[in-house]
Amino acid sequence: MSKETIKAYCLGGGLGSLAAAAFMIRDGGMLGSQITIFEKLPSLGGCLDGARLEDGSYSLRGGRMLTTDAYECFWGLFQDIPSIHNKGMSVKEETIAFNKKHIAHSKARLVDKNRHIVDTATMNFTMHDRLEFLTLLEASEEKLGTSKITDWLSPEFFTTNFWYMWQTTFAFEPWHSAVEFKRYLHRFMNEFPRINTLAGVKRTEYNQYDSLVRPLQAWLQEKGVNFELATTVDDIAVEEIDGKVTVISVSVIGPKGAKQVVVAPDDLVIFQNGSMVDASSIGSMEQAPAKKTKADSKGWTLWEKLAKGRPDFGNPAPFNTSIPESFWESFTVTFKTSEFFDKLEKMSGNKAGTGGLVTFKDSSWLMSVVLYNQPHFIGQPDDVFILWGYALYGNRVGDFVPKTMIECNGQEILTELAGHFNFDDSVFEDAVCVPCRMPYITSMFMPRANSDRPKPVPASSKNLAFVSQFVEIPDDVVFTVEYSVRAAQTAVYQLLNIDREIPKITKHDKSPKVLLDSVIKSFA
């Protein structure tokens, strides 16, 4: 097998596929011209999206939390990707420099129903809470099994300051997997003592599409990688060759019609199995987002087909069968004046870009908003300001609007927001709110067995790898850009037999200082 002649096909254009292509070139010695990425949407990046709409307003589904104290594979990749904004700097260098200028330290992490800033210096634990928490923290994954967080913690725990902060920082809900919750606690234990200030959270200079996806895409294009956008992967044909499941062809439907791509046994296929933004939909000021499901998108069909009769290819069912437990809704607000920003900066004590999430802990929807540093988009006009927010409980009736969030259009979401801030409606007079419903956005947090997620390269596979938030990487945590990149690096190194060590996960939970600081914080 010559790395200069084999071909690779990445099915899906999210960060996992883009990273896989980069590792094939940088570490695997493959030619970019031998790599093709197929993407259903007209743009790359998957959930790391962001765009200006026709009416001049902006929309982004969201962004993943970043930290420079972990994310070993992610930064290992982006230290070699040149910035498209700051000449002579890598994306990693650019991000570090930006965060030195805009230091995160939230002064209004939680706000109550009276618009009082909650004192979050205390976690608000009782001794009973601490004991239950420790029991879950120390339980083995085998013992936790497919249990939910609520199976281990009493109702009172879910009223603590800690829970409100941890839940909304990482988007956990009480019925999610106890295993995933435990993994987060260990992986981000260094964030536990400072969860109230979000001091460990880092931001990119612009939204993550502009700051991460575009530079990576530009680097791949320079290397000759082929991109086929607006192209749906319709089928993956496999055969058993020498006792291994081997992809022999991929069927795609693109702007020029349908075609079958023949795959040689030594070629590589990188498949993004499942998507947390599958079947997402955006609304408008007048219309709520459409209630789409996997039946509309067919986004899970190929994984379901491949996994049938193949246990080591995983089991999609735990992740895609309960939308009420895996969805939430975000919203992007475009302002034409700085009035709202000025008011929120005064209320919170944080300049835009330094405060992180502001969560209304008593809101029925559990609504949070964040003031990003402006401009948040490349090319954003100087007199335009972008707010992003989300709510975890979209099936509940609002406090100021007699509807559930999923029934609300953008105008009604602004009415709910104005009520919680106790701001006059005139603050939103010229604002445009674009809501976005994501039915599977936290599907990877759903309770599941260890076998429900395939390894990046299953034991029975010859040339097919799974790269997504739905693969199994021991000790690491889903719903992060690190997980996508680590899965990609793992898959590529294994398929190409690259004799190079993958960066180890930083064990903050083994640091005596972190452990001591965490114990002290839990008793604050």
Side-chain angles (χ1 to χ4, degrees), residues 1-3 5-14 16-17 19-21 23-24 28 30 34-40 46 226 228 231-254 257-275 278 294 297-320 448-473 484 487-498:
M1 174 175 74
S2 171
K3 294 177 182 178
T5 59
I6 62 172
K7 297 181 179 180
Y9 304 96
C10 300
L11 314 184
S17 280
F23 288 126
M24 285 185 239
M30 286 184 60
Q34 299 293 95
I35 302 170
T36 300
I37 297 177
F38 299 104
E39 169 54 45
K40 180 179 180 180
N226 307 293
E228 296 197 20
T231 299
T232 300
V233 179
D234 189 54
D235 195 18
I236 302 172
V238 299
E239 283 186 1
E240 188 169 308
I241 299 177
D242 297 329
K244 295 281 190 177
V245 177
T246 308
V247 178
I248 58 170
S249 70
V250 175
S251 300
V252 300
I253 303 173
K259 67 177 180 180
Q260 188 176 59
V261 180
V262 176
V263 180
D266 287 335
D267 290 342
L268 312 181
V269 177
I270 306 294
F271 174 45
Q272 291 195 280
N273 58 309
S275 167
D278 183 65
K294 65 177 184 176
S297 67
K298 304 191 186 312
W300 299 83
T301 304
L302 286 180
W303 185 18
E304 290 172 335
K305 176 185 175 182
L306 287 169
K308 190 173 182 179
R310 300 185 181 98
D312 66 341
F313 278 28
N315 174 26
F319 309 109
N320 64 19
R448 47 83 192 172
N450 183 271
S451 59
D452 290 331
R453 300 198 302 212
K455 293 180 179 179
V457 181
S460 66
S461 173
K462 174 177 174 58
N463 64 351
L464 173 65
F466 295 94
V467 174
S468 74
Q469 299 290 316
F470 301 92
V471 300
E472 177 55 30
I473 302 175
S484 296
Q489 192 166 12
T490 302
V492 169
Y493 279 28
Q494 186 169 339
L495 288 175
L496 291 179
N497 297 312
I498 297 173

Before giving the answer on side-chain contact (heavy atoms from CB on, under 4.5 Å), spell out for Asp267 and Ile6 the whole-Å C-alpha distance, their side-chain angles and the decisive distance to 0.1 Å. CA-CA 5 Å; Asp267 290 342; Ile6 62 172; 4.1 Å; yes

Drop me the distance from Lys462's NZ to Lys244's NZ, to the nearest 0.5 angstrom. 9.0 Å

Glu239 side-chain N/O to Ile248 backbone N/O, donor-acceptor pair under 3.5 Å: no

Minimum heavy-atom separation for Val467 and Ala491, please, with both atom names. CG2-CB, 4.0 Å

Kindly compute the distance separating CG (Asp234) from OG1 (Thr301), expressed to the nearest 0.5 Å. 9.5 Å

Indicate yes or no: at least one non-hydrogen side-chain atom of Thr36 is less than 4.5 angstrom from one of Lys7. no

Any side-chain heavy-atom pair from Val492 and Leu268 closer than 4.5 angstrom? no

Residues two or more places apart in sequence or in another chain: which of them pass side-chain hydrogen bond (donor to acceptor under 3.5 Å, both in side chains) with Glu39? none

For the student: nearest non-hydrogen atoms of Gly13 and Gln272, plus distance: N-OE1, 3.3 Å

With a 6.0 Å cut-off (strictly less than), is the heavy-atom count around NZ of Lys455, excluding the residue itself, greater than 12? no

In the structure I gave you, are the side-chain heavy atoms of Phe470 and Pro316 within less than 4.5 Å of one another anywhere? no

For Gly12, does its backbone N or O pair with a side-chain atom of Ser17 as donor and acceptor, under 3.5 Å? yes

side-chain contact (heavy atoms from CB on, under 4.5 Å) for Leu306 and Leu464? Distances and angles first, verdict last. CA-CA 11 Å; Leu306 287 169; Leu464 173 65; 4.2 Å; yes

Could you check if a side-chain atom of Phe319 sits within less than 4.5 angstrom of a side-chain atom of Arg453, using non-hydrogen atoms only? yes

Between Thr232 and Lys40, is any pair of side-chain heavy atoms under 4.5 Å apart? yes

Is any side-chain heavy atom of Phe23 less than 4.5 Å from a side-chain heavy atom of Ile498? no

Search all heavy atoms of Asn273 against all heavy atoms of Pro454 and return the closest pair with its distance. ND2-CG, 3.9 Å

Point-to-point distance, once rounded to the nearest 0.5 Å, from SG of Cys10 to CD1 of Ile37: 5.0 Å

CZ (Phe271) and CH2 (Trp303) are apart, to the nearest 0.5 Å, by 8.5 Å

Minimal non-hydrogen separation, Ser460 against Phe313, with atom names: OG-CE1, 3.4 Å

Does the side chain of Val252 come within less than 4.5 Å of Lys259's, by heavy atoms? yes

Taken to the nearest 0.5 Å, the spacing of Leu495 CG from Ser461 OG works out to 7.0 Å

Can you name the nearest heavy-atom pair linking Asn463 to Val247, along with the distance? OD1-N, 2.8 Å

Roughly how far apart are Ser468 OG and Leu11 CG, rounded to 0.5 Å? 12.0 Å

For Asn226 and Ile35, indicate whether the former's side chain and the latter's backbone hold a donor-acceptor pair under 3.5 Å. yes

Any donor-acceptor pair under 3.5 Å linking the side chain of Ser451 with the backbone of Ala449? no

So does Thr5 get a backbone contact from the side chain of Gln34, meaning a donor-acceptor N/O pair under 3.5 Å? yes

To check you understand the geometry: which heavy-atom pair defines the closest contact between Arg448 and Pro318, and what is its length? CB-CB, 4.1 Å

Strictly by salt bridge (Lys or Arg N to Asp or Glu O under 4.0 Å), give each pair with a member in residues 301-320 just once, sequence neighbours left out. Asp235-Lys305, Lys294-Glu304

